[in-house]
Amino acid sequence: MLDTAPFRTFDQPWPAREGVRITGIRAIVTAPEGTPLVVVRVDTDIDGLYGLGCATFTQRWHAVVAFVERHLAPLVVGRYPGDLGDLTRLARYSGYWREGPVENNALSGLDMALWDIAGKRAGLPVHELLGGKVRAAADTYIHAGGRDIRSTLDQAEEFVAQGWRHVRLQSGQTGIGTYGAPVVDGVPRAGAPYPRGWNVGEYLAGLPRLFEQARERLGDGVELLHDVHSRLAPKQAVALARSLEPYRLFFLEDVIAPEHWDRLPEVRSQSPVPIAVGELATSLTDAARLISGGGVDFIRAHISAIGGLTPAKKLATLAEFFGVRTAWHAPGDTSPVGAAANVAVDVTTSAFGIQEGHVYNDATHAVFPGTLRIVDGWLTPNEAPGWGIDLDEREAARYPAGLSGHDEWAAGVRGLDGGLYAP
């Protein structure tokens, strides 16, 4: 007779849990700088014990809110918050179809909030739960952008005087210029009919002049960076990288569109400039392939878009094995909670390269008490339990989000013929 003992099921596979339970999960949306920030709050049955997580997908924030409140809540309410890995895995696979920025940002909100709760229960900052510091703070870079080369470098000089050692340079040009720099022709929306469209030839010819003058004005002691924003074809990316070789960039970012990431090893092998890619990765697997496939020198994931702190820590560990460094995406559409999660990984991994910096305005500090401040270019994590960051919902309500963060402009760029330029 067949022995069925190995196939028995158990009514209670988990040991009985005493104490804390999740009682609610909801999304809070606020825009103190005009950009919608989505933060997830996970409540428990212990008075005053709750966690906050970043779920900011600015361009589609309504969808993230619906995912959190309609799909995650039924899965996690009533469960033990200490089973962080199990809860996020359950949520990821519960819908069969998975990945993408909407789901992963929602999962990130849950993931980070559970880490916040774990830190508060332990009485420790999250970075200590990750193994403790390997550095005291994360060095950051800041964005300098202007309508022309002179105004861009004027701002860069101001940042260097304030203590930054790494500066990203973005200078405007006709058409929409480059993201991070004002437009030149005065038309604010990429979908609008321009007198002149964005000209890739003009861009390729003009950018070396920006960095030539930057080295003359800023000297060799400042690290310089630039973001292409995925606008070039692979051969164009190689040509740009070679033209910038004399100016010793710290890295050149997002040189080609994600549809062509399979060409990144080819581009990187021919580029004398380090390549940074990843902010458009919308899964941990895609980001991991950038590292293991030999296509990047810096991994640039927006960590809420890959699912939160837990995937980011895995990615940083993988980067250590492949000699790749981290440079997490963190402009103004990363909430202060997301920025705290970035830094928690930064200070606990030997794969750290650089951290994108953003100076939050006073309103954001009022909405998020405990928001980190960059001092002399350095970003230091809080030492309070969890993230050390709270959310004042009364203040948050003073800054309601608009219809959508970026519905007012198109995602592409116009060519000279008026068509969308999508290499």
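For this chain, numbers begin at 1 and follow the sequence in order.
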Task: Verdict with supporting geometry, Asp148 and Ser151, side chain to side chain donor-acceptor pair (under 3.5 Å) - done: CA-CA 6 Å; Asp148 53 27; Ser151 58; 2.8 Å; yes
Task: Test side chain to side chain contact (heavy atoms under 4.5 Å, CB included) applied to Arg168 and Phe251, step by step - done: CA-CA 9 Å; Arg168 192 187 81 172; Phe251 67 55; over 6 Å; no
Task: Pair Val20-Asp45, side chain to side chain contact (heavy atoms under 4.5 Å, CB included): steps then yes or no - done: CA-CA 6 Å; Val20 62; Asp45 58 1; 3.9 Å; yes
Task: Stepwise salt bridge (charged side-chain N to carboxylate O under 4.0 Å, His left out) check, Asp262 with Arg289 - done: CA-CA 10 Å; Asp262 61 312; Arg289 286 172 179 156; over 6 Å; no
TODO: Walk me through it: do Asn342 and Thr326 pass the test side chain to side chain contact (heavy atoms under 4.5 Å, CB included)?
DONE: CA-CA 10 Å; Asn342 285 335; Thr326 65; over 6 Å; no
TODO: Start with the C-alpha distance between Phe368 and Leu37, add both sets of side-chain angles, then the distance that settles side chain to side chain contact (heavy atoms under 4.5 Å, CB included), and finish with yes or no.
DONE: CA-CA 11 Å; Phe368 296 94; Leu37 304 175; 4.1 Å; yes
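Checked by atom type and distance alone, the side chain of Ser292 pairs as donor or acceptor with a backbone atom of Ala288 at under 3.5 Å. Judged purely by atom type and a 3.5 angstrom limit, Thr58 uses its side chain to pair as donor or acceptor with the backbone of Pro36. With Gln236 contributing its side chain and Ala233 its backbone, the two residues share a donor-acceptor pair below 3.5 Å. Formation of a donor-acceptor pair under 3.5 Å by the Gln170 side chain with backbone atoms of Asp227 is found in this model. One N or O on the side chain of Trp387 and one on the backbone of Met112 form a donor-acceptor pair closer than 3.5 Å. With Arg41 contributing its side chain and Ala113 its backbone, the two residues share no donor-acceptor pair below 3.5 Å. A donor-acceptor pair under 3.5 Å is formed between the side chain of Asp297 and the backbone N or O of Ile275. Under a 3.5 Å cut-off, the side chain of Arg135 and the backbone N or O of Asp346 do form a donor-acceptor pair. At distances below 3.5 Å, not a single donor-acceptor pair connects side-chain atoms of Ser230 with backbone N or O atoms of Ala257. Gln213 places no side-chain N or O within donor-acceptor distance of the main-chain N or O of Arg150, the cut-off being under 3.5 Å.
Taking 4.5 Å as the limit, every side-chain heavy atom of Arg325 sits out of range of all side-chain heavy atoms of Phe352. Residues Leu107 and Leu72 are in side-chain contact: their nearest non-hydrogen atoms beyond the backbone lie under 4.5 Å apart. Using a 4.5 Å cut-off on side-chain heavy atoms (C-beta onward), Ile374 and Trp164 make contact. Between Trp328 and Thr334, every side-chain heavy-atom pair lies at or beyond the 4.5 Å cut-off. Taking the side chain as every heavy atom from C-beta outward, Arg121 and Ile46 never approach each other to under 4.5 Å. Trp61 places none of its side-chain heavy atoms less than 4.5 Å from the side chain of Asn105. Annotation: side chain of Arg217 is in contact with side chain of Asp154 (closest heavy-atom distance under 4.5 Å). Using a 4.5 Å heavy-atom threshold, the side chains of Asp43 and Arg26 count as touching.
Using the six-membered ring where Trp is involved, His226 and Phe211 have ring planes that are perpendicular, over 60° apart on the 30 and 60° scheme. Note: His329 and His302 have tilted aromatic rings, judged against thresholds of 30 and 60 degrees for the angle between ring planes. Between His358 and Tyr360, the two ring planes are perpendicular [angle over 60°; tilted spans 30° to 60°].
Ion pairing of Lys120 with Asp116 is present here, as a side-chain N (NZ or NE/NH1/NH2) and a carboxylate O approach within less than 4.0 Å. Ion pair Arg89/Asp83 not flagged as a salt bridge, since none of the NZ, NE, NH1 or NH2 atoms sits closer than 4.0 Å to an Asp/Glu carboxylate oxygen. Ion pairing between Asp254 and Arg300 fails under the 4.0 Å rule for side-chain N and carboxylate O. Look at Arg398 and Glu395 and you find a salt bridge, because one of the NZ, NE, NH1 or NH2 atoms lies within 4.0 Å of a carboxylate O, short of that distance. Looking at Glu223 and Arg248, no side-chain N of the basic residue comes within less than 4.0 Å of a carboxylate O on the acidic one, giving no salt bridge.
At a cut-off of 3.5 Å, with distance as the only test, no side-chain donor of Arg98 or Asn104 sits close to an acceptor on the other residue. Side-chain N/O atoms of His143 and Gln155 include no donor and acceptor closer than 3.5 Å. Looking only at atom types and distance, the side chain of Asp111 has no donor-acceptor partner in the side chain of Ser108 under 3.5 Å away. Between the side chains of Asp333 and Thr56, no donor N or O sits under 3.5 Å from an acceptor N or O.
To the nearest 0.5 Å, the span separating CD1 on Ile142 from CD on Glu356 amounts to 8.5 Å. In this structure, CG on Leu252 lies 12.0 Å from CG on Leu224, to the nearest 0.5 angstrom. Rounding to the nearest 0.5 Å gives a distance of 8.0 Å between OH of Tyr50 and CG of Leu391. To the nearest 0.5 Å, the span separating CD1 on Ile306 from CD1 on Ile299 amounts to 7.5 Å. Atom CD of Gln355 and atom CG of Leu379 lie 6.5 Å apart (nearest 0.5 Å). Atom CG of Leu130 is separated from atom OG1 of Thr310 by 8.5 Å, given to the nearest 0.5 angstrom.
In this structure, Val68 and Ala106 approach most closely via the heavy-atom pair CG2-CB, 3.7 Å. The two residues Leu280 and Trp261 make their nearest non-hydrogen contact at C-CH2, 3.8 Å. Residue Glu320 comes nearest to Ala351 through the heavy atom pair CG-CB, 3.6 Å, listed as atom of the first residue, atom of the second, then distance. Closest heavy-atom contact between Val267 and Val255: CG1-CG2, 4.2 Å.
Among the candidates Leu225, Leu207, Leu153, the single residue satisfying the side-chain contact (heavy atoms from CB on, under 4.5 Å) test with Leu169 is Leu153. With Thr348 as the partner, the side chain to side chain donor-acceptor pair (under 3.5 Å) test is satisfied by one option alone out of Lys133, His127, Lys313: Lys313.
Tyr247 does not carry Arg215 over the face of its six-membered ring by the limits of under 6.0 Å from the centre and within 45° of the normal.
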